[in-house]
Amino acid sequence: MNIEQIQFDDKGLVPAIVQDARSKSVLTLAYMNKESLEKTLETHETVFYSRSRQELWHKGETSGNTQKVTSIDYDCDQDALLVQVIPNGPACHKGDYSCFSESLVPGESVPKENRYEILDRLLTILADRKATQPEGSYTSKLFQEGVDRIAKKIGEEAGEVIIAAKNNDPEELSMESADLLFHLLILLTDRNVSIDQVLGVLEKRHSK
C-alpha cells in the first residue's frame, strides 16, 4: 500500500471499515489519519484516530480486545479503507461482537457474538493440553497415544455421522458432527496445522 495514494478529507481523516477476516461480518466503522494508518501498518494491529478525544487510540490497548490486521484495501476513489482483522474479543465498547447489532429493516442483523469464537476457544484449549498434558484429560491422553489413535477416533466418529445421517435424525447428526469436528481439531493441533490454513485452502478453491 502506498499511503500517498489515500485521499484523506479536509480534517486529515479517512473512514476505515473494519471486517472480521473469517466471518466477514462488519465489526465497526472508525477513522484513521496518516499517523494512525502508519502505526497500523507497523504494528499489524488497528490504531485509529479518535475524533472526540482528538488523539490516536490503539484498539484494545486497555481492554485487551485487540484486532490483528490481515489486510488493508482501499476503494476505487481511494477515500475509504477496508481493514480485515482477526478480533481478540468484542469490537463494540458495549461488549458486543460487532457495533452493528441492530437493524432498521426486517431480517437478521449482524450476530452479537462471533460464531467462530468456539473454534478459537477449543483450539486454545487443545494447544494448552498438548503443551501441558494434564493428568486425567481425555485430549491429553489422545495426544500421548499419537496420530494413529487420533486418526482412528476420526474414523469412528465419521462412521457415527454417516449412521446419524441415514437415520434422518437432525439432533443426532448435529451431535455426531460436533464429535467429528472436535477430533479433527485435535488431529490438526497434533500435526501443527492451523485452522486458518484449512480455511485458506477452501477460500482459494472457491474464490474462482
Side-chain angles (χ1 to χ4, degrees), residues 18-25 27 44-46 59-71 84-92 94-98 101 108-207:
V18 182
Q19 181 183 41
D20 189 317
R22 293 169 297 193
S23 71
K24 303 306 179 184
S25 294
L27 301 178
H44 301 288
E45 292 189 350
T46 51
K59 171 64 179 171
E61 186 172 20
T62 56
S63 67
N65 299 327
T66 54
Q67 297 172 338
K68 181 181 177 182
V69 176
T70 62
S71 68
Q84 296 202 48
V85 304
I86 297 176
N88 182 33
C92 183
K94 294 181 179 180
D96 289 338
Y97 162 61
S98 168
S101 57
E108 294 185 3
S109 60
V110 174
K112 296 189 177 184
E113 295 182 357
N114 181 1
R115 60 189 177 131
Y116 298 110
E117 182 183 1
I118 183 60
L119 289 179
D120 292 334
R121 281 192 283 140
L122 279 176
L123 289 167
T124 299
I125 292 171
L126 292 176
D128 178 72
R129 293 290 189 272
K130 181 183 177 183
T132 62
Q133 298 195 0
E135 187 177 350
S137 166
Y138 169 72
T139 51
S140 296
K141 184 179 179 182
L142 284 178
F143 284 129
Q144 291 166 5
E145 292 176 342
V147 64
D148 288 343
R149 177 58 179 153
I150 299 171
K152 183 179 179 181
K153 282 297 299 181
I154 289 178
E156 293 172 357
E157 298 300 342
E160 295 294 333
V161 168
I162 293 170
I163 292 171
K166 292 181 71 67
N167 288 341
N168 196 25
D169 186 331
E171 184 176 356
E172 181 186 2
L173 181 57
S174 296
M175 294 177 64
E176 297 299 346
S177 296
D179 289 342
L180 176 59
L181 180 56
F182 176 69
H183 287 87
L184 177 58
L185 293 177
I186 293 175
L187 180 66
L188 293 175
T189 302
D190 182 73
R191 298 290 92 185
N192 298 313
V193 175
S194 73
I195 192 68
D196 288 329
Q197 287 175 262
V198 178
L199 296 178
V201 172
L202 289 175
E203 287 177 353
K204 287 180 181 178
R205 287 179 180 175
H206 299 282
S207 63

(Q) With a 4.5 Å cut-off on side-chain heavy atoms, are Asp20 and Val85 touching? (A) no
Q) So do Gln19 and Leu27 actually touch side chain to side chain, heavy atoms under 4.5 Å? A) no
Q) Could you state the interatomic distance from CG (Leu185) to CD1 (Ile125), rounded to the nearest 0.5 Å? A) 11.0 Å
Q: Provide the full list of ring pair (Phe, Tyr, Trp, His ring centres under 6.0 Å) pairs with a residue in residues 185-205, sequence neighbours left out, each pair given once.
A: none
Q. Who are the side chain to side chain contact (heavy atoms under 4.5 Å, CB included) partners of Lys152, not counting sequence neighbours?
A. Arg149, Glu156
Q) If every non-hydrogen atom of Ile154 is compared with every non-hydrogen atom of Leu184, which pair is closest and at what distance? A) CD1-CA, 3.9 Å
Q) Any donor and acceptor pair, going by atom type alone, linking the side chain of Asn88 with main-chain N or O of Lys68 inside 3.5 Å? A) no
**Q.** Residues which pass side chain to side chain contact (heavy atoms under 4.5 Å, CB included) with Asp196, listed by chain and number, not counting sequence neighbours
**A.** Arg22, Ile86, Ser194, Leu199
Q) Does the side chain to side chain contact (heavy atoms under 4.5 Å, CB included) test come out yes or no for Ile150 and Glu145, once each step is laid out? A) CA-CA 8 Å; Ile150 299 171; Glu145 292 176 342; over 6 Å; no
Q: Kindly write out the residues that satisfy side-chain hydrogen bond (donor to acceptor under 3.5 Å, both in side chains) with Glu135, not counting sequence neighbours, or none if the list is empty.
A: none
Q. With distance as the sole test, does Asp169 use its side chain to make a donor-acceptor pair with the main-chain N or O of Glu171 at under 3.5 Å?
A. yes
Q.
Among residues at least two apart in sequence or on other chains, which ones pass salt bridge (Lys or Arg N to Asp or Glu O under 4.0 Å) with Glu45?
A. none
Q: With sequence neighbours excluded, give me every ring pair (Phe, Tyr, Trp, His ring centres under 6.0 Å) pair touching residues 124-144.
A: Tyr138-His183
Q. With sequence neighbours left out, which residue pairs that include part of residues 184-193 fulfil the side chain to side chain donor-acceptor pair (under 3.5 Å) condition?
A. Lys130-Asn192
Q.
Quick check: do Ser25 and Tyr97 have side-chain heavy atoms less than 4.5 Å from each other?
A. yes
**Q.** Sequence-distant partners of Gln133, side-chain hydrogen bond (donor to acceptor under 3.5 Å, both in side chains), two or more places apart
**A.** Gln144
Q: Ignoring hydrogens and angles, tell me if any N or O in the side chain of Lys59 forms a donor-acceptor pair with the backbone of Ala91 under 3.5 Å.
A: yes
Q) Of all residues at least two apart in sequence or in a different chain, which pass the side chain to side chain contact (heavy atoms under 4.5 Å, CB included) check with Ser137? A) Arg129, Pro134, Thr139, Ser140
Q: Could you tell me which residues satisfy side-chain hydrogen bond (donor to acceptor under 3.5 Å, both in side chains) with Gln84, sequence neighbours excluded, listed by chain and number?
A: Lys24
Q) Is there a side-chain contact between Leu187 and Val193, using heavy atoms and a 4.5 Å cut-off? A) no
Q: Report yes if some heavy atom in the side chain of Pro90 is under 4.5 Å from a heavy atom in the side chain of Asn65; otherwise report no.
A: yes
Enumerate, atom names and distances included, each donor-acceptor pair closer than 3.5 Å involving a side-chain atom of residues 158-165, sequence neighbours excluded.
none

